[in-house]
Amino acid sequence: MADDNKKFTDSGIEIKPLYTSSDWSNPENELPGNYPFTRGVQADMYRGKLWTMRQYAGFSTAEESNKRYHYLLSQGVNGLSVAFDLPTQIGYDSDHHLAEGEVGKVGVAIDSIEDMQILFNGIKLEEVSTSMTINATGFILLSLYAALAKQQGADLKKISGTIQNDILKEYAARGTYIYPPKPSMRIITDIFEWCSKEVPKWNTISISGYHIREAGSTAVQEIAFTLSNGKAYVQAALNKGLDINVFGKRLSFFFNAHNNLFEEVAKFRAARRMWAKIMKELGATDPKAMMLRFHTQTGGSTLTAQQPLNNISRVTIQTLAAVLGGTQSLHTNGYDEALSLPTEEAARIALRTQQIVAFESGVTETVDPLAGSYFVESLTQQVEEAAWKLIEKIDAMGGSVTAIEQGFIQDEIARSAYEYQRNIEDSNKIIVGVNKFQVASEDHIPILKVDDSIRTLQSAKLAKLRSNRDNAKVDQCLQELNDKAVSGDNLMPAVLEAVESKCTLGEIADTLREVFGEYK
């Protein structure tokens with residue numbers, strides 16, 4: 001066959017024109033709910049329980065975000081997913097000079113326990129599952145959530161949800177870090193230890209491939225780098241003396257879903273199989289500690305500002321990829337997100353996309369419906385083999401932390417992003433409405449704008465909080481936190497006491513900046 005006719009996945013795996021039984025050997029008759037979980041983590045998958053339909057939301061003030069949460073819950077969402085603004089993500093209060101121009105823009109501004117009370121006003125934390133996309137300050141937001149649950153009279157043993165808490169991918173792909181890698185890893189293992197005793201149903205980390213993919217990686221790199229980071233977190237927890245069969249059950253993952261339907265399905269299936277093998281090798285004996293459970297978000301970087309209504313079709317394909325790949329939880333992007341935060345209408349259409357797939361498409365009625373496809377099984381194997389090669393390279397360097405410190409992972413992602421963009425510019429890869437099938441004039445799409453006055457509102461709230469609280473108690477709590485950071489004791493009890501005493505997020509982050517320094 002001439003080279004011109006060759007077809008490849010986005011990871012560079014060649015796609016043959018035809019697949020037959022000779023392309024797939026199935027020595028193990030793998031079943032869903034059984035090791036190595038290639039076919040899913042539950043024996044009956046969506047026949048027993050649909051995935052959690054989450055919609056990622058948060059913008060402006062806690063009051064505005066609270067209105068959106070109540071709206072989404074009324075529309076059939078069964079799990080909340082909170083987006084935080086950049087100052088909250090990197091440990092600055094809204095009145096800090098570095099927060100200017102960013103307050104409430106890409107998520108909600110949370111400065112204190114009072115903002116948290118408003119954010120979840122009228123929502124019982126014992127009755128919802130909440131995912132919080134927060135990393136460097138994840139320990140503070142989890143403490144705020146636990147403090148609010150206590151105020152509501154909730155049993156902490158019953159509250160459920162996830163903090164992303166994946167700092168390694170911040171150094172590699174996204175950039176919202178505060179402290180250097182080693183103290184950051186210490187905070188994460190403190191969270192593992194504290195949650196296992198105090199909040200046992202909480203997922204203590206969502207090891208994220210999503211942002212690795214958004215930065216330009218391939219599907220193969222997404223799972224290789226994510227699972228490598230996962231290994232580093234497990235090793236850090238083992239070094240602290242934690243039980244892999246306990247904390248292993250509370251690890252979860254967060255993946256991206258792109259448009260190459262079959263490669264994405266293969267990626268999810270391969271990731272489950274690989275993680276089961278990794279955990280077994282690291283000493284897990286409980287099958288639940290070997291299960292890769294994951295949340296999916298449709299691909300933000302695949303959305304186009306040109307002809308944005310086309311994004312509804314893209315999100316539908318990505319939704320199918322996530323569901324056919326066996327996701328436990330899903331957020332679908334609004335069609336307008338290449339232009340702004342989603343409007344209420346766009347968020348509703350995104351949720352309806354999940355509901356149509358769940359209730360009208362029939363894909364949920366049997367477990368792993370693409371199993372046994374010569375193409376999908378062959379592709380699952382090839383994705384796995386390519387990902388193991390990358391993991392072996394990282395292991396040879398000494399693991400993820402070293403690979404990040406040496407710039408290996410960042411360079412690999414940058415190379416893939418460059419190749420992908422070059423293929424679009426050379427029209428080797430068609431993006432509908434961008435480099436083919438363009439139109440002369442675009443439809444006017446209403447966009448959501450967040451006003452700069454939000455910072456003034458938040459600053460006024462902070463001034464009032466600081467004048468009404470017991471500032472001697474605040475100083476005492478921050479000193480206690482400083483002492484724990486120096487001594488190496490678990491930080492979480494001190495952070496919880498600090499937020500309950502109305503210390504702000506920025507004050508807590510700054511106390512630890514003084515001890516740990518900042519990563520440059």
Side-chain angles (χ1 to χ4, degrees), residues 56-71 80-121 132-145 147-148 163-164 170 174-179 300 334 336-344 347 446-469 471 474 478 495 498-499 501-514 518:
Y56 185 47
F59 60 95
S60 178
T61 58
E63 288 90 343
E64 287 301 312
S65 294
N66 177 260
K67 285 179 200 166
R68 178 65 66 88
Y69 296 154
H70 280 285
Y71 171 74
L80 296 174
S81 186
V82 186
F84 298 96
D85 72 357
L86 278 174
T88 304
Q89 291 181 47
I90 52 177
Y92 293 118
D93 289 332
S94 297
D95 58 359
H96 193 286
H97 69 277
L98 289 176
E100 193 169 346
E102 290 295 345
V103 177
K105 288 293 173 71
V106 298
V108 64
I110 297 293
D111 294 317
S112 72
I113 186 70
E114 291 183 356
D115 285 329
M116 210 66 169
Q117 288 162 349
I118 296 163
L119 186 67
F120 290 102
N121 184 32
M132 295 191 281
T133 304
I134 194 78
N135 297 283
T137 54
F139 65 106
I140 305 174
L141 270 300
L142 175 58
S143 298
L144 285 164
Y145 195 86
L148 179 60
I163 42 169
Q164 192 163 93
E170 295 297 332
R174 192 163 168 267
T176 64
Y177 43 72
I178 303 174
Y179 315 112
D336 54 359
E337 287 189 56
L339 302 166
S340 72
L341 289 166
T343 59
E344 204 165 89
I447 64 172
L448 181 73
K449 286 190 173 153
V450 175
D451 199 276
D452 281 327
S453 65
I454 301 303
R455 183 166 185 252
T456 310
L457 289 171
Q458 285 297 115
S459 299
K461 279 194 213 168
L462 278 162
K464 191 176 172 189
L465 171 90
R466 291 189 185 115
S467 65
N468 290 341
R469 67 190 183 178
N471 282 302
V474 164
L478 294 175
V495 178
V499 300
S501 303
K502 300 191 177 180
C503 296
T504 68
L505 173 123
E507 289 165 345
I508 293 166
D510 281 348
T511 299
L512 295 180
R513 278 185 177 97
E514 287 169 22
E518 288 192 77

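We count residues from 1, following the sequence as given. The figures here come from the full heavy-atom set of this structure, side chains too, leaving out hydrogens, waters and symmetry mates.
Under a 3.5 Å cut-off, the side chain of Arg455 and the backbone N or O of Ser94 do form a donor-acceptor pair. With hydrogens and angles ignored, the 3.5 Å screen pairs a side-chain donor or acceptor of Asp336 with a backbone N or O of Thr343. Although no hydrogens or angles enter the test, the distance criterion places a donor-acceptor pair under 3.5 Å between the side chain of Ser112 and the main chain of Glu114. Between the side chain of Gln164 and the backbone N or O of Asn135, no donor-acceptor pair lies under 3.5 Å.
Heavy-atom minimum distance, Ile454 versus Ser60: CD1-OG, 3.2 Å. Nearest heavy-atom pair, Leu505 versus Asp93, reported as atom, atom and distance to 0.1 Å: N-OD1, 3.7 Å. Residues Val499 and Ile508 come closest through the heavy atom pair CG1-CD1, 3.6 Å. Annotation for Thr176 and Ala136: closest pair O-CB, 3.4 Å, computed over non-hydrogen atoms. Of all heavy-atom pairs between Phe120 and Asn66, the closest is C-ND2, 3.8 Å.
Looking only at side-chain heavy atoms (C-beta outward), Asp95 and Gln458 stay at 4.5 Å or farther from each other.
Taking CD of Glu63 as the reference point, atom CG of Leu457 lies at 8.0 Å (rounded to 0.5 Å). Interatomic distance, Leu339 CG to Ile447 CD1, rounded to the nearest 0.5 Å: 6.5 Å. We find the CD1-OG distance between Ile113 and Ser143 to be 9.5 Å, quoted to the nearest 0.5 Å. The distance from the CG atom of Leu119 to the CZ atom of Arg68 is 13.0 Å, given to the nearest 0.5 Å. Remark: Thr504 OG1 to Asp510 CG distance equals 8.0 Å, nearest 0.5 Å. Note: Lys105 NZ to Leu341 CG = 10.0 Å, rounded to the nearest 0.5 Å.
Salt-bridge annotation for Lys461 and Asp115: present, with a side-chain N of the basic residue lying under 4.0 Å from a carboxylate O of the acidic one.
Heavy-atom neighbours of Glu100 CD from other residues, nucleotides or ligands within 6.0 Å: at or below the threshold of 12.
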*Test log, rule side chain to side chain contact (heavy atoms under 4.5 Å, CB included), inputs Ile163 and Tyr145*: CA-CA 10 Å; Ile163 42 169; Tyr145 195 86; over 6 Å; no
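By the 30° and 60° cut-offs, the orientation of the rings of Tyr179 relative to Phe139 is tilted.
With sequence neighbours excluded, the residues that form a salt bridge (charged side-chain N to carboxylate O under 4.0 Å, His left out) with Glu507 are Arg466, Arg469.
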Please tabulate, one pair per line, all N/O donor-acceptor pairs under 3.5 Å involving side-chain atoms of residues 85-92, not counting sequence neighbours.
{"from": "Asp85", "atom 1": "OD1", "to": "Thr88", "atom 2": "N", "distance (Å)": "3.0"}
{"from": "Asp85", "atom 1": "OD1", "to": "Thr88", "atom 2": "OG1", "distance (Å)": "2.6"}
{"from": "Asp85", "atom 1": "OD2", "to": "Gly104", "atom 2": "N", "distance (Å)": "2.8"}
{"from": "Thr88", "atom 1": "OG1", "to": "Ile110", "atom 2": "N", "distance (Å)": "3.2"}
{"from": "Gln89", "atom 1": "OE1", "to": "Arg174", "atom 2": "NH1", "distance (Å)": "3.4"}
{"from": "Gln89", "atom 1": "OE1", "to": "Arg174", "atom 2": "NH2", "distance (Å)": "2.8"}
{"from": "Gln89", "atom 1": "NE2", "to": "Phe84", "atom 2": "O", "distance (Å)": "2.7"}

